[in-house]
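Notes follow once the structure below has been shown.
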Amino acid sequence: MKKVLLHSCCAPCSSAIIEWMMNNGITPVVYYCNPNIYPEEEYYIRKNEITKYVKELGLQIIDDDSNENWKGWNCYHNSWLKEIEGMESEPERGLRCLKCFKVRLLHAAEVAVREGIDSFTTTLASSRWKSIEQINEAGQWAADTVNARFSSPRVAFDGRNWRKGGLQQRRNELLKQNGFYNQLYCGCEFSFRPQSPQIPQP
């Protein structure tokens with residue numbers, strides 16, 4: 001079966017995509033890379049839930065914060081804060097979000113090459129809180145950036161809209177069936193400021 005690296009933000013957003021892949025001859029290798037998530041408790045709730053779910057399915061999950069360079073969540077999150085420095089006051093779906101996507105999807109592209117996987121995609125494209133255009137821009141930029149290091153292309157970004165084809169409805173069904181924790185904000189501390197657009201309710 002073909003392997004695809006699936007950057008995952010959480011279990012609710014991942015479940016329908018994983019199911020679709022497995023039903024269509026694709027083995028997802030799940031990659032958890034979300035240094036933006038705040039606070040620490042929220043980070044581990046999401047991480048532990050997707051890890052448990054993926055392992056129950058017999059799939060591989062790669063955990064970004066297991067990298068020996070990180071000394072716990074605080075260091076991991078602070079590395080992300082440095083990346084978006086100066087963009088803290090940007091509105092949701094603004095330049096901060098684009099930069100955040102680029103940071104995470106660049107890591108995903110690099111991990112895909114390291115693992116010998118020639119395609120990657122992201123569950124971010126299933127979220128109503130995100131801009132599909134920004135995600136696709138960031139994903140293509142990440143693939144181009146990594147491929148520029150080699151004499152021939154090593155990885156491609158699959159910019160599929162994971163909200164379509166009944167997957168949004170299936171996401172909600174699997175959320176209820178599995179009793180997943182359903183977060184109501186994208187993840188970072190800047191996403192629940194009063195001036196931000198109202199977060200859609202499930």
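Since the model is a prediction, treat every value here as computed from it, not as a measurement.
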Next item on the list: Could you state whether V155 and W141 fall into the same hydrophobic cluster, counting links through intermediate Ile, Leu, Val, Met, Phe, Trp or Tyr residues with side-chain heavy atoms under 4.5 angstrom apart?
Entry: yes

Check: Do NZ/NE/NH1/NH2 and the carboxylate oxygens of K52 and E49 come within less than 4.0 Å?
Finding: no

Notebook entry, point to check: Under 3.5 Å, is there a donor-acceptor pair linking the side chains of Y43 and N34?
Noted result: no

Margin query: If you count heavy atoms of other groups shown closer than 6.0 angstrom to CD of E173, is the number above 12?
Written below: yes

Notebook entry, point to check: Crowded around K102 NZ? As in, over 12 foreign heavy atoms under 6.0 Å?
Noted result: yes

Checklist line | Aromatic ring pairing Y53/F180, orientation class (parallel under 30°, perpendicular over 60°, tilted between) | finding: perpendicular

Margin query: When you group the ILVMFWY residues by side-chain heavy-atom contacts below 4.5 Å and let the links chain together, are I117 and V30 in the same group?
Written below: no

Next item on the list: Measure the SG-CH2 distance between C75 and W80 for me, rounded to the nearest 0.5 Å.
Entry: 15.0 Å

Check: Should C33 and H7 count as side-chain neighbours, where that means a heavy-atom distance under 4.5 Å?
Finding: yes

Check: Is there a side-chain contact (heavy atoms from CB on, under 4.5 Å) between E115 and K3 once you walk through the steps?
Finding: CA-CA 10 Å; E115 296 292 317; K3 285 187 176 182; over 6 Å; no

Margin query: Under a 4.0 Å threshold between the charged nitrogen and the carboxylate oxygen, would R104 count as salt-bridged to E83?
Written below: no

Margin query: Nearest 0.5 Å, please: how far is SG in C188 from CD1 in I84?
Written below: 7.0 Å

Next item on the list: Begin with the C-alpha distance, continue with both residues' side-chain angles, and end with the deciding distance and a verdict on side-chain contact (heavy atoms from CB on, under 4.5 Å) for L98 and E137.
Entry: CA-CA 8 Å; L98 177 60; E137 178 182 344; 3.7 Å; yes

Check: Taking all non-hydrogen atoms of both residues, which atom of M1 and which atom of M22 are closest, and how far apart?
Finding: CE-O, 4.1 Å

Margin query: Looking at E56, I'd like to know if its CD atom is crowded, meaning that more than 12 non-hydrogen atoms belonging to other residues, nucleotides or ligands lie closer than 6.0 Å.
Written below: yes

Next item on the list: Write down the atom of R160, the atom of D158, and the distance for their closest heavy-atom approach.
Entry: NH2-OD2, 2.8 Å

Margin query: Could you tell me if the side chain of K130 sits less than 4.5 Å from the side chain of T122, heavy atoms only?
Written below: no

Notebook entry, point to check: Is the backbone N or O of R154 less than 3.5 Å from a side-chain atom of N147, with the two atoms forming a donor-acceptor pair by type?
Noted result: yes

Notebook entry, point to check: Side-chain heavy atoms under 4.5 angstrom apart, residues restricted to Ile, Leu, Val, Met, Phe, Trp, Tyr: same cluster for I45 and Y76?
Noted result: no

Check: Can you tell me if Q140 and D144 form a side-chain donor-acceptor pair at under 3.5 Å?
Finding: yes

Notebook entry, point to check: Looking only at atom types and distance, does a side-chain atom of T123 sit under 3.5 Å from a main-chain N or O of C9, one as donor and one as acceptor?
Noted result: yes

Checklist line | I135 versus L105, closest heavy-atom pair with distance | finding: O-CD1, 3.9 Å

Next item on the list: Taking all heavy atoms of S126 and all of R163, pick out the closest pair and write down the distance.
Entry: O-CG, 3.6 Å

Margin query: Please report the interatomic distance CZ(R171) to CD1(I17), rounded to the nearest 0.5 Å.
Written below: 9.5 Å

Checklist line | R46: salt bridge (Lys or Arg N to Asp or Glu O under 4.0 Å) partners, not counting sequence neighbours | finding: E42

Next item on the list: Treating Ile, Leu, Val, Met, Phe, Trp and Tyr as nodes and any side-chain heavy-atom pair under 4.5 angstrom as an edge, say whether L57 and I62 lie in one connected cluster.
Entry: no

Item checked: Validation row: L5, V111 side chains within 4.5 angstrom (heavy atoms) -> yes

Note to self: I'd like to check Y44 versus I37 (side-chain heavy atoms, cut-off strictly below 4.5 Å). Are they in contact?
What the structure shows: no

Notebook entry, point to check: Does atom CD of E41 have more than 12 heavy-atom neighbours from other groups under 6.0 Å away?
Noted result: no

Checklist line | Any donor-acceptor N/O pair, E189 side chain to Y38 backbone, under 3.5 Å | finding: no

Next item on the list: Evaluate the side-chain contact (heavy atoms from CB on, under 4.5 Å) criterion for residues I61 and K55: first the C-alpha distance (whole Å), next the side-chain angles of each, then the deciding distance (0.1 Å), finally the verdict.
Entry: CA-CA 7 Å; I61 184 165; K55 288 184 175 180; 4.3 Å; yes

Item checked: Short side-chain to backbone donor-acceptor contact, Q134 and G94, under 3.5 Å -> yes

Checklist line | Side chains of L6 and M21 in contact at under 4.5 Å (non-hydrogen atoms) | finding: yes

Next item on the list: Indicate yes or no: at least one non-hydrogen side-chain atom of K99 is less than 4.5 angstrom from one of L95.
Entry: no

Margin query: Starting from F101, can I reach V103 by hopping between I/L/V/M/F/W/Y residues whose side chains sit under 4.5 Å apart?
Written below: no

Notebook entry, point to check: Any side-chain heavy atom of T121 sitting closer than 4.5 Å to one from W162?
Noted result: yes

Check: Rounded to the nearest 0.5 Å, how far apart are OH of Y31 and CG of D63?
Finding: 9.0 Å

Next item on the list: Quick one: sort the F120 and F157 rings into parallel, tilted or perpendicular, breaks at 30° and 60°.
Entry: tilted

Next item on the list: To the nearest 0.5 angstrom, please state how far the CZ atom of R96 sits from the OG atom of S191.
Entry: 7.5 Å

Check: Is there a side-chain contact between W73 and D65, using heavy atoms and a 4.5 Å cut-off?
Finding: no

Checklist line | K2 atom NZ, neighbour heavy-atom count above 12 within 6.0 Å | finding: yes

Notebook entry, point to check: T27 and L59: which non-hydrogen atoms are nearest, and at how many Å?
Noted result: CG2-CD2, 4.1 Å

Check: What closest approach, in Å, do I50 and S8 show between heavy atoms, and which atom pair accounts for it?
Finding: CG1-OG, 3.5 Å

Next item on the list: Please assess F150 against V113 for the test side-chain contact (heavy atoms from CB on, under 4.5 Å), listing each intermediate value before the final yes or no.
Entry: CA-CA 11 Å; F150 305 97; V113 170; 3.9 Å; yes

